[in-house]
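What follows is one structure encoded as structure tokens, with my remarks underneath.
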Amino acid sequence: MAANHWFLACLPVAAISVVFGGHPVAGVGLVVLMMGRVVALRSRRTLLIALLLVAVFSGIFAWRQGQLKHRQISAFRPTNVSLAVTFQPDALVFHGAGYYFVARNHLTGEPLTVRGWAQSAAELQRLKRLRQPQLWRVNGQQVGILPATNFNQFDAASYWRHRGVTKSVKIVSIGQQRTAPSSPLQVVNNWWHRQRTRLIRYCDRLPGALRVYALGLLPGSRAAEAVQELQGMQQLGLLHLFSISGLHVALLLTAVEWLCVHLRIQREHWEWGLLLGLPGYFILAGGGSGVLRACLMRGIQLGGRKIRVRVSALDAWAGALVVGLWMNPGMLFELGSQLSYGLSLGLILLAQESPWWQQIGLTLLGLPSLLNGIFQWHTLTILANVILVPLFPLVMLPVTLIGALCFSWLPIISGWSAAILGMLDGGLTRLAELPGNVSFGKPWWWVCWLWVVLSWLLFSRPPAQRRRWLVGLLASYGLMYGLIHFPLHGEVAYFDVGQGDSILLREPFNRRIAMIDTGGHLAFPQPKWVPVTPTTYAATHTNLNYLRSLGIDHIDDLYLTHHDADHIGDLPAFLQAIKVKRLLVPAGMEKEPGWQRLLALSRFPVKIQPITIASQVPLRVRHPYEAAPAENANSLALQGDFGGLNFLFMGDLDQAGEQKIIGDDPQLRTDVLKLGHHGSKTASAPAFIEQLRPRWAIISAGRENRYGHPHAETLATLRAAKVPAVSTQTSGMIRYVYAGKHGVWQTKLKGERDS
């Protein structure tokens with residue numbers, strides 16, 4: 001086959017994965033386009049190979065979809081199960097006293113996720129000492145994996161479906177634990193997993209930033225502190241330098257080759273050793289998409305050399321793409337794979353360009369994926385790339401390796417390494433905090449694809465004509481930015497934050513952006529033996545993530561209905577990530593020191609305004625009447641008109657407060673009522689519902705919450721009044737999107753009405 005024809009023959013396989021990945025029309029268009037390019041080569045052999053690959057992979061993808069559909073079970077109705085599962089010890093991931101792992105049903109071979117909790121310090125340590133493949137008999141609850149429940153949220157169900165996983169088991173008890181039987185063919189595989197387990201446990205003992213880097217770059221594991229430690233790197237769009245792209249794998253393999261050459265080991269020997277060792281290294285390095293691509297590309301080129309066939313970098317990339325899609329059909333829909341395969345392809349195709357045009361090209365190729373995945377971009381990214389790309393092989397990777405190797409016999413060097421990496425992270429964080437971070441928002445998916453195509457067309461032009469094309473391409477980004485930031489429609493959105501409340505009120509053109517509560521979770525005391533874990537906030541993945549996807553970088557008014565953690569627990573995440581101009585709280589709450597500690601880490605100055613029914617604020621305040629402790633009985637109740645409907649938001653106000661409201665205004669009515677206290681029987685009195693006569697009731701409550709919300713009494717009250725209710729428990733995020741006096745209701749999940 002002619003040079004690079006293999007590359008073109010493989011591209012239709014990527015298009016087929018798009019067809020089966022949820023975009024059939026766009027995928028078919030890509031298949032036609034790419035097959036047309038193959039036909040234009042006028043090579044019968046290339047055309048036959050392309051047709052064969054399309055036929056084979058269409059069959060594989062269709063068969064897998066059928067298998068997944070057959071395995072699918074409800075994500076809302078758990079069932080009790082008793083089953084045997086097998087797993088490798090390096091699959092265990094710990095978080096405090098909790099742990100989870102990916103296992104296989106010993107009887108059927110079906111992969112599933114399993115989570116459990118250690119009951120004592122001794123049990124936790126015993127689990128961490130496991131080194132052999134395990135066979136456990138577990139009793140627990142099995143349920144389907146919950147999809148994304150908020151718009152633009154990471155979809156765990158889709159992620160796991162790409163890996164053949166549709167079910168999750170929560171362990172209630174473990175009946176038997178023993179070493180899993182292994183066939184002779186599994187001995188080598190088990191040995192590599194055992195070494196990876198040892199490497200993870202070793203790296204887990206390293207100090208500070210060295211621990212985060214060593215875990216990510218060596219066994220491909222993720223430290224709990226990685227989110228905070230690599231925050232600057234993420235904001236600058238530099239995660240491709242880390243394990244996400246497999247760049248470190250290529251560097252390590254190059255270092256091994258250099259060492260073998262300088263030790264005067266015969267090329268024939270070290271090439272065979274490297275080729276045979278790549279599958280093991282793939283396991284040792286964590287088996288991520290970037291690691292897979294790097295190992296496959298090197299292995300394909302080495303294998304070609306062994307059979308005396310020259311394999312170009314482009315054809316090796318194509319071979320890695322085909323194998324990657326065979327292992328993970330949804331690979332192209334994941335940010336890590338997009339960056340790894342996309343940027344490596346860019347490096348190959350732009351190899352003859354000047355360094356400046358290379359940086360522009362890589363930025364343009366990676367930008368659509370970053371905007372579609374994390375919704376923001378920093379104008380200093382190109383500068384950071386210019387600085388960090390040379391530093392990665394010269395400083396970051398060597399310092400990580402030296403620090404990790406020296407820990408057992410010279411820990412002071414590990415401490416120095418941790419300090420160097422910590423200073424580097426601190427510098428990146430300070431750089432990311434400089435002006436220039438663009439909260440772009442999430443572009444339409446087809447626009448992202450169009451940008452990638454236009455970026456390649458840009459580099460098909462002579463250098464003298466590129467500036468004009470570049471200006472046009474940047475203008476399209478500006479147009480998309482304007483459409484996202486100045487939308488014609490507004491919305492009222494009830495987020496699914498579990499057992500809590502959080503509501504967005506956004507006017508058309510983003511004239512005013514307000515929120516009611518942030519959501520949060522109650523923190524229950526843990527035994528002293530439970531390891532301390534970094535503080536995390538669910539808002540990062542739910543409501544705050546949604547604001548980023550809309551390009552919102554500020555909140556005009558944030559109403560905090562009262563001081564309970566399920567309503568304001570995630571406030572620190574908001575104050576760190578976004579500018580909040582004004583906090584409005586029920587009168588009396590501003591004097592309470594308990595919640596004010598949440599303000600200590602705010603990045604921006606924030607004004608606190610106590611309010612009562614007499615306060616003149618954009619929303620009408622229906623409660624409280626006077627200053628008092630900010631408990632449920634003193635919760636804010638707020639009312640406003642949006643898109644031709646009247647909305648009433650009751651916070652956690654109880655029936656006594658409801659009686660005050662309707663007693664003060666016997667003519668009070670509303671179209672949409674957010675029930676007080678998550679549908680508890682302590683709120684939503686029959687007299688209150690009867691007077692308001694709402695057309696819809698919204699319930700914000702957590703699935704399987706310990707309080708039993710919404711209570712049966714409340715649902716009976718709604719049924720008696722013939723008020724339909726929709727709950728975040730079954731429908732996920734609920735939003736009313738409007739323009740003028742008209743709007744439409746949307747829910748993230750196809751939930752059922754609660755009454």
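Under 4.0 Å is where a charged nitrogen must lie from a carboxylate oxygen, and between Asp496 and Lys748 no such pair does.
Remark: side-chain polar atoms of Thr670 are paired, donor with acceptor, to backbone N or O of Asn646 under 3.5 angstrom. Thr561 contributes no side-chain N or O that, together with a main-chain N or O of Gly651, makes up a donor-acceptor pair within less than 3.5 Å. Checked by atom type and distance alone, the side chain of Asp556 pairs as donor or acceptor with a backbone atom of Ile513 at under 3.5 Å. Judged purely by atom type and a 3.5 angstrom limit, Ser602 has no side-chain atom pairing as donor or acceptor with the backbone of Leu599.
Using bins of under 30°, 30° to 60° and over 60° for the plane-to-plane angle, the ring pair Phe440/Tyr477 lands in the perpendicular bin. Below 30°, between 30° and 60°, or above 60°: for Phe642 and Tyr738 the angle between ring planes is between 30° and 60°, a tilted geometry.
A pairwise comparison of heavy atoms in Ser369 and Leu339 identifies CB-CD2, 4.3 Å as the closest pair. The two atoms that bring Leu504 and Leu550 nearest to each other are CD2-CD1, 4.3 Å, heavy atoms only.
In this structure, a donor-acceptor pair under 3.5 Å is absent between the side chains of Ser731 and Thr747. Between the side chains of Tyr546 and Arg735, a donor-acceptor pair is found at a separation under 3.5 Å. Side-chain contact of His521 with Asp570: a donor-acceptor pair under 3.5 Å is absent, judged by distance alone. Between the side chains of Gln72 and Arg161, at least one donor-acceptor pair of N or O atoms lies under 3.5 Å.
Taking the six-membered ring for Trp and the full ring otherwise, His489 and His742 have centroids separated by 6.0 Å or more. For Trp446 and His23, the ring centers are positioned 6.0 Å apart or more. A centroid separation of less than 6.0 Å is found between the aromatic rings of His485 and Tyr481.
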